[in-house]
Amino acid sequence: MKRRPRMATSNLYVHVPFCASKCRYCAFYSAPAPSRADVADFLRLLPRELELRGLADARPDTVYVGGGTPSLPGPDGLRALLAALPRPAPGAEVSVELNPADVSPALAAALREGGVTRASVGAQSFDPDTLARLGRRHGPLEIRAAARALRAAGIPRLSLDLIAAVPGEAPGALARSLREAVALGPDHVSVYPLSVEPGTPLARDGVAPPSDEEALAAVAEAESFLASGGYARYELSNYARPGAECRHNLAVWRGEDYAGVGPAACSRVGFVRRANAPDFAAWRAALEAGRLPPARLETLSAADDEAERFATRVRLARWRGPDPATPAGPRRAAALAALRRAGLVRPLGGGDWTLTARGREVADSVMAELV
Ligand code: SF4
């Protein structure tokens with residue numbers, strides 16, 4: 001029998017390219033209000049892309065189903081989607097992003113039966129006015145009901161996403177959201193300051209992004225509150241109870257390879273970067289014809305590849321310093337020494353480093369200095 005090529009990475013990302021409606025801040029690729037036929041085509045053709053890319057027999061250690069809105073296809077659709085994925089390795093982490101509006105006991109049961117180990121709920125806020133400003137299609141009641149349903153179904157890990165520093169939101173809205181989020185007992189919380197991306201409804205309406213000071217104050221508030229609840233800031237925007245870090249995202253930040261399928265999904269395998277075209281119709285047409293979907297391919301030099309992988313590591317609470325054996329090692333070690341004198345990084349011993357509190361505030365500049 002002809003052997004199919006095996007996956008060259010143990011981390012798989014699946015992009016579900018649909019949403020019920022577009023949130024006002026969203027710059028991710030997703031098609032709003034898909035027809036039932038579009039969703040059915042996506043579920044039918046996903047295994048074909050996995051097969052053509054040599055991923056059908058992979059045994060990934062981490063699977064991350066994101067989007068878009070992976071929960072939009074409902075319990076039966078999610079069952080089909082999870083059944084279409086390669087069988088994960090024993091002990092693998094399988095994460096699925098969920099919109100609280102879609103989560104019912106039946107959907108939570110479908111996730112559990114499908115082997116999902118981690119549910120990531122896009123709560124964004126518990127303040128009804130903030131949720132309306134963001135154009136979310138759920139209220140705080142749905143977030144609480146979703147968390148209860150996922151816990152009752154026995155999903156091992158629960159993560160909640162929050163958006164901070166939303167312009168015009170009521171004073172104290174973030175504090176209330178943090179309190180309500182932690183009261184639901186998640187294992188993991190992500191807090192991202194709002195970003196106003198070009199072309200989004202927020203940008204078109206002239207909403208000004210939060211100032212650096214407002215964003216930093218919101219992040220400091222989140223860090224301090226979550227620390228008091230036992231959540232460590234293990235990445236710039238991510239907090240977890242010990243051992244509950246997202247293994248898929250950790251692998252990406254640590255510079256490991258990952259393979260992506262679905263429209264707009266990205267991959268990093270060796271020196272090659274691949275970005276599937278953000279175009280569901282083109283993705284479907286290619287796979288119907290038995291071809292790989294259109295994608296942008298780029299092959300990096302060894303130096304650029306190493307620099308990219310090093311840069312994302314610096315986001316973590318603990319990262320390995322430069323390798324003196326690499327061509328960039330000596331220059332990077334000198335930059336690190338200068339950043340240490342400036343109070344932006346400090347050594348943790350054993351060749352590991354961390355950003356200081358001030359370094360986390362200017363993390364982009366620190367990464368630029370290092371790479
Ligand atoms: S649910 Fe997520 S992907 Fe969909 S529009 Fe909202 S932010 Fe974007």
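One-based numbering, in listed order, for ligands and for the atoms of each.
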Check this for me: R346, atom CZ, are more than 12 non-hydrogen atoms of other residues, nucleotides or ligands nearer than 6.0 Å?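 Atom CZ in R346 is not crowded, with 12 or fewer foreign heavy atoms closer than 6.0 Å.
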Is it the case that more than 12 heavy atoms not belonging to R318 sit under 6.0 Å from its CZ atom?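 Above 12, so yes.
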Report the C-alpha distance between D205 and R24 in whole Å, list the side-chain angles of each, state the deciding distance to 0.1 Å, and finish with yes or no for salt bridge (charged side-chain N to carboxylate O under 4.0 Å, His left out). CA-CA 10 Å; D205 287 355; R24 301 187 67 242; 2.2 Å; yes
Taking only Lys NZ, Arg NE, NH1 and NH2, and the carboxylate oxygens of Asp or Glu, determine whether R332 and E306 approach each other closer than 4.0 Å.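 Yes, this pair counts.
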Do R137 and D102 meet the salt-bridge criterion of a basic N to acidic O distance under 4.0 Å?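 Here D102 pairs with R137 in a salt bridge, since their nearest N and O are under 4.0 Å apart.
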Using every non-hydrogen atom in the two residues, find where G262 and F42 come nearest and quote the distance to one decimal.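 Of all heavy-atom pairs spanning G262 and F42, the closest is CA-CE1, 4.4 Å.
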By residue and atom, what protein N/O/S atoms are less than 2.8 Å from atom 6 (Fe) of ligand 1?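 Hits for atom 6 (Fe) of ligand 1 below 2.8 Å: C23 SG.
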Which residue and atom name correspond to the protein heavy atom nearest atom 3 (S) of ligand 1, and how close is it?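 Result: G68 N, 3.2 Å.
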